[in-house]
2 protein chains.
Amino acid sequence: MGDGLPDALASRLGYLLKHAQRRLVEAAAPVMAPFGIDGRELAVLTLLAAGSPLSQQEAADELDVDRTTMVALVDTLEAKGLVERHRSPQDRRKNIIELTPAGQNCLRDAGKARDEVDRDYLAPLGDALSRHFIRALQILATPPPE
Amino acid sequence: MGDGLPDALASRLGYLLKHAQRRLVEAAAPVMAPFGIDGRELAVLTLLAAGSPLSQQEAADELDVDRTTMVALVDTLEAKGLVERHRSPQDRRKNIIELTPAGQNCLRDAGKARDEVDRDYLAPLGDALSRHFIRALQILATPPPE
DNA sequence: TATTGTTATACTCTATAACTATA
DNA sequence: TATAGTTATAGAGTATAACAATA
């Protein structure tokens with residue numbers, strides 16, 4: 001036993017979300033490992049590559065993590081040579097984080113691998129349900145206005 | 001800033017799942033607090049009430065947590081008077097866990113509150129998308145056959 | 001005074017290894 | 001030998017408080 005979902009919990013949102021997330025993390029970990037980064041680190045690289053340069057605080061806000069968490073995250077990315085810190089000339093309290101060329105390569109390769117993980121993960125849903133699922137998550141992941 | 005989803009991450013499954021789950025946990029916590037239990041504890045109560053009596057190991061398998069985690073979980077539920085451990089007469093290595101009357105009351109009341117949290121959480125999706133979402137989660141939360 | 005980055009610290013959740021009692 | 005429960009321990013991940021530099 002242990003396979004399948006216990007009937008009593010099959011419609012409890014907390015149980016379903018927790019286990020769906022765990023399954024994705026477990027599927028992603030071995031695929032990401034060869035690139036030397038994990039999902040959170042890839043998210044930082046993705047964010048930095050996307051738009052204008054960000055300070056640590058700004059990146060932390062976007063990812064909805066604590067700024068102390070971002071310090072540790074940038075520490076490890078910098079130790080791997082994937083990002084660099086630069087004091088902002090406009091506001092010398094801020095560290096602007098920038099991708100290195102190695103960081104750009106890593107983002108490209110690991111990003112491609114991660115896209116495949118996502119595709120494989122969603123495959124059992126079929127196309128239509130996958131799109132519904134993503135749309136629902138985008139709504140639910142958005143913090144309430146207040 | 002900080003509201004809305006960063007465009008670069010709005011379609012990354014890991015980011016969406018993590019934040020969707022966090023939003024549910026944050027919504028549930030204050031509602032569950034008055035009942036003195038959290039979501040995982042409620043899941044145990046739900047499981048125990050659902051079918052035949054379970055040993056700690058069996059409950060751990062169903063919830064997909066480690067048996068050492070289940071020890072701690074049952075410890076706190078027992079300290080709150082919501083469950084009782086009984087040595088199984090058939091196999092004296094096993095602890096059968098059973099709901100106390102207080103546990104049954106707690107399950108009923110906290111379960112009702114939790115159902116409302118789930119409903120409120122899903123409300124922004126509308127009925128059809130909610131059903132799609134649940135169905136997708138049920139597929140994705142199920143461990144792969146092998 | 002307030003903000004950014006940092007450090008030290010602590011708390012939660014979880015997993016691993018070793019022990020015990022039973023089978 | 002193997003299994004169920006337990007304990008001790010350690011590792012993530014995250015958050016809080018306090019400090020230095022800067023605004």
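Within every chain, numbering begins at 1; the chains are lettered A, B, ... in the order of the sequence lines, protein sequences first and strands thereafter.
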Taking only distance into account, with no hydrogens and no angle test, what donor-acceptor pairs under 3.5 Å do side-chain atoms of residues 14-21 of chain A form with protein atoms, sequence neighbours excluded?
from	atom 1	to	atom 2	distance (Å)
A:Tyr15	OH	B:Glu62	O	3.2
A:His19	ND1	A:Tyr15	O	2.8
A:His19	NE2	B:Leu63	O	3.1

Can you give the donor-acceptor pairs under 3.5 Å from side chains of residues 108-117 of chain B to other protein atoms, not counting sequence neighbours?
from	atom 1	to	atom 2	distance (Å)
B:Arg108	NH2	B:Asn105	OD1	2.6
B:Arg114	NE	B:Asp118	OD1	3.2
B:Asp115	OD1	A:Arg12	NH2	3.3

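No side-chain donor-acceptor contact under 3.5 Å links A:Gln57 to the backbone of A:Lys94. Here the side chain of B:Thr100 pairs a donor or acceptor atom with the backbone of B:Leu82 at under 3.5 angstrom. The closest donor-acceptor contact from the side chain of A:Glu98 to the backbone of A:Pro53 lies at 3.5 Å or more, if one exists at all.
Here C:dT4 presents its P atom at 18 Å from CG of A:Asp75, a figure rounded to the nearest Å. Per the geometry, CG belonging to A:Asn95 stands 12 Å off C1' belonging to D:dT22, to the nearest Å. Rounded to an integer number of Å, the gap from B:Asp61 CG to D:dA4 C1' is 11 Å. When rounded to the nearest whole Å, the span between CD of B:Gln21 and P of C:dT12 equals 17 Å. Taking atom CG of A:Leu73 as the reference point, atom P of C:dT6 lies 12 Å away to the nearest angstrom. To the nearest angstrom, P of C:dC13 lies 14 Å from CE of B:Met70. Put simply, CZ on B:Arg85 is 15 Å from P on D:dA4, counting in whole angstrom units.
Sorted by first and then second residue, the side-chain hydrogen bond (donor to acceptor under 3.5 Å, both in side chains) pairs with a member in residues 25-52 of chain A read A:Glu41-A:Thr76, A:Glu41-A:Lys80; sequence neighbours excluded.
The side-chain heavy atoms of B:Ile97 and B:Leu54, taken from C-beta on, include no pair separated by under 4.5 Å. Looking at B:Leu107 and B:Leu42, their side chains come closer than 4.5 Å, going by heavy atoms from C-beta outward. The side-chain heavy atoms of A:Arg67 and A:Val71, taken from C-beta on, include no pair separated by under 4.5 Å.
Note on B:Leu122 and B:Ile139: same hydrophobic cluster, where clusters join Ile, Leu, Val, Met, Phe, Trp and Tyr whose side-chain heavy atoms are under 4.5 Å apart, directly or indirectly. In the hydrophobic clustering of this structure, A:Ile134 groups with A:Leu129; members are Ile, Leu, Val, Met, Phe, Trp, Tyr whose side-chain heavy atoms approach within less than 4.5 Å, directly or through other members.
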Enumerate all atom pairs, one protein N or O and one N or O from nucleotides 11-14 of chain D, separated by less than 3.5 Å.
from	atom 1	to	atom 2	distance (Å)
D:dT14	OP1	B:Lys18	NZ	2.9
D:dT14	OP2	A:Arg40	NH1	2.4

Tabulate atom names and distances for all N/O pairs under 3.5 angstrom spanning the protein and nucleotides 18-23 of chain C.
from	atom 1	to	atom 2	distance (Å)
C:dA23	OP1	B:Arg92	N	3.1

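Near DNA chain D, meaning a heavy atom under 4.0 Å from it, residues 48-59 of chain B has B:Ser55, B:Gln56, B:Gln57 in order of number.
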